[in-house]
Amino acid sequence: MITLENVSKIYPNGTEALKNISLQIEDGEFVFIVGASGAGKSTFLKLLIREEKASFGKISVNGYNLMKIRKRKIPYLRRTMGIVFQDFRLIEKMTVFDNIAFAMRVIGAPEKTIKKRVTEVIDMVGLKGKEKSRPNELSGGEQQRVSLARALVNKPKMIIADEPTGNIDPVMSFEIMKKLTEINKTGTTVIVVTHEHNLVREFGGRVIIINGGEIEIDDHLPPRKPSSPGPAPAGAGASGSYLKGEIK
Ligand code: ADP
C-alpha cells in the first residue's frame with residue numbers, strides 16, 4: 001500500500017516538482033499516472049522508490065516509512081517492487097535467461113530455485129524458446145517483455161512501469177498492457193506512468209492526472225472495449241464520462 005500525505009518535493013534549485021500531494025493506492029489496485037512532460041511523474045516515481053526524499057509531508061510504501069527509512073533498508077523497500085523502464089535496461093552481453101536470473105542472483109537465491117522461477121516467468125510473458133537470445137536479437141516488444149519478466153521474477157507486491165510502451169509499436173504496447181492487467185489480476189499492484197492517453201482510454205481503471213506538480217484528477221475511467229480489463233470499479237459514473245472527454 002502507498003500513502004502520501006501532503007507531500008511536496010522541492011529540488012535544490014528551487015523547483016517545486018510536487019505540491020502538497022495526498023493519495024492512497026491500495027494493495028491490488030491498477031493505477032495509471034498521467035501527465036504532460038514536466039508535470040512531476042518521474043519525481044513521483046523517484047519518491048516511491050526512495051531515489052529522492054520528499055521535502056515535506058509523509059510517505060509510506062509497502063510498510064516502510066520513507067521519511068524515516070535508513071539507507072541500508074532501502075534495498076529491502078525496493079525488493080517489494082518490480083520496475084519496468086521505458087528503455088528496458090537489459091544487459092546486452094547476457095542472454096534473456098541470465099538477464100532475468102540476474103535479479104534473483106543478486107539476492108542470493110539458489111540456482112535450482114532460479115531455474116524454476118525464471119522458466120515460469122519466461123512462460124508467463126510469452127518468451128518460451130527465446131531463453132538463449134540476447135537483447136539485440138529481439139524486437140522492442142520482446143525486450144520489454146524480458147524487462148517485465150525480470151521485474152516479476154522476485155514476486156514483488158507491486159509493479160511500477162515507467163512509460164513501458166514509450167519505445168514499442170502500438171500492437172506490442174497493447175500486448176504489454178494486457179500482460180500488466182493479467183499480472184494485476186493475480187493480486188499484484190500495478191502502477192503505470194504514461195503520457196499515452198489512448199492506452200488509458202482503452203484499458204480504463206483508476207487514472208491520476210498530474211499537472212504542474214498537483215493532482216488534477218483522481219478518478220475511475222471505464223474501459224473502452226469489453227476485451228479490456230474487467231468492469232469499471234464503482235464510482236465510474238458522471239466523473240468517468242468527464243474523464244473520457246478530458247483525455248484526448
Ligand atoms: P515528468 O516526469 O512528468 O516529465 P519530472 O518529475 O521529471 O516531470 O519534473 C517535474 C519538474 O521538476 C520539472 O519542472 C523539472 O524540470 C523539475 N525537475 C526534475 N528533476 C529535477 C532535478 N533533479 N533538479 C531540479 N529540477 C528538477
Side-chain angles (χ1 to χ4, degrees), residues 2-25 29-62 64 66-67 69 71 74-75 77-78 80-90 140 143-144 147-148 151 156 158-168 170 173 176-177 180 189-221 242-243 245-248:
I2 295 174
T3 310
L4 275 75
E5 277 178 61
N6 305 107
V7 169
S8 296
K9 173 67 189 176
I10 303 167
Y11 284 110
N13 69 357
T15 305
E16 196 175 6
L18 291 175
K19 301 170 189 165
N20 203 30
I21 300 270
S22 296
L23 61 85
Q24 193 155 316
I25 297 175
E29 274 199 83
F30 188 108
V31 183
F32 279 111
I33 309 284
V34 188
S37 176
K41 305 181 297 296
S42 307
T43 302
F44 176 70
L45 288 189
K46 284 177 184 167
L47 292 183
L48 296 189
I49 65 176
R50 195 44 174 76
E51 199 176 303
E52 291 286 350
K53 191 178 175 187
S55 313
F56 301 105
K58 290 183 189 167
I59 307 188
S60 80
V61 175
N62 297 337
Y64 291 89
L66 301 200
M67 304 309 283
I69 190 170
K71 260 208 172 112
I74 293 175
L77 159 78
R78 293 190 184 149
T80 66
M81 40 182 97
I83 306 176
V84 178
F85 301 96
Q86 176 175 7
D87 56 0
F88 321 135
R89 303 202 190 175
L90 302 174
Q143 290 185 58
Q144 194 52 301
S147 125
L148 182 56
M158 181 184 287
I159 292 281
I160 297 178
D162 187 7
E163 299 276 6
T165 60
N167 281 324
I168 53 182
S173 298
I176 287 285
M177 287 306 305
L180 285 167
T189 310
V190 175
I191 300 174
V192 179
V193 173
T194 185
H195 64 271
E196 290 184 60
H197 293 161
N198 256 338
L199 278 182
V200 179
R201 264 205 308 247
E202 195 79 41
F203 285 85
R206 183 173 174 194
V207 183
I208 298 175
I209 301 181
I210 304 184
N211 187 6
E214 293 177 289
I215 294 181
E216 186 175 75
I217 292 172
D218 180 353
D219 211 339
H220 288 94
L221 181 70
Y242 167 68
L243 257 175
E246 190 68 17
I247 296 180
K248 300 227 165 57

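All ligand and atom numbering here is 1-based and tracks the order in the structure. All residue numbers in this chain count up from 1 along the given sequence.
To the nearest 0.5 Å, atom CD of residue Glu52 and atom CG of residue Leu47 are 7.0 Å apart. Annotation: the span from Lys53 atom NZ to Lys9 atom NZ amounts to 9.5 Å, rounded to 0.5 Å.
With Thr3 contributing its side chain and Gln24 its backbone, the two residues share no donor-acceptor pair below 3.5 Å. Between the Lys58 side chain and the Leu4 main chain, no donor and acceptor come within less than 3.5 Å of each other. In this structure, Arg78 contributes its side chain and Arg50 its backbone to a donor-acceptor pair below 3.5 Å. The closest donor-acceptor contact from the side chain of Lys41 to the backbone of Ile209 lies at 3.5 Å or more, if one exists at all.
Distance from atom 8 (O) of ligand 1 to its nearest protein heavy atom, with residue and atom name: Gly40 N, 3.1 Å. Among protein heavy atoms, atom 2 (O) of ligand 1 sits closest to Ser42 OG, 2.5 Å. The shortest contact between atom 26 (N) of ligand 1 and any protein heavy atom is with Tyr11 CD1, 3.4 Å. The closest protein non-hydrogen atom to atom 16 (O) of ligand 1 is Thr15 CG2, 4.9 Å. Considering only non-hydrogen protein atoms, atom 10 (C) of ligand 1 sits nearest to Gly38 O, 3.4 Å.
Short contacts between ligand 1 and Ser37, defined as distances under 4.0 Å to a heavy atom of the residue, involve ligand atoms 4 (O). In summary, the atoms of ligand 1 found under 4.0 Å from a heavy atom of Ala39, numbered by their order in the structure, are 1 (P), 3 (O), 8 (O). Close approach to Asn13 involves these atoms of ligand 1, each under 4.0 Å from a residue heavy atom: 25 (C), 26 (N).
The protein reaches atom 20 (N) of ligand 1 closely, with a heavy atom under 4.0 angstrom from it.
At a cut-off of 3.5 Å, with distance as the only test, a side-chain donor of Glu196 or Thr165 sits close to an acceptor on the other residue.
In Phe56, the CZ atom is not crowded: 12 or fewer heavy atoms of neighbouring residues, nucleotides or ligands sit closer than 6.0 Å.
Considering backbone and side-chain atoms together, Ala17 places no N or O closer than 3.5 Å to any N or O of ligand 1. For ligand 1, the polar-atom distance check against Lys41 finds a nitrogen or oxygen pair separated by under 3.5 Å.
When heavy-atom distances to ligand 1 are checked against a 4.0 Å cut-off, Ala36 comes that close only through its backbone atoms N, CA, C and O.
With atom 5 (P) of ligand 1 as the reference point, the heavy atom nearest to it among Thr43, Leu45, Ile10 is part of Thr43.
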Could you walk me through whether Ile25 and Arg206 pass the side-chain contact (heavy atoms from CB on, under 4.5 Å) test, one step at a time? CA-CA 10 Å; Ile25 297 175; Arg206 183 173 174 194; 3.9 Å; yes
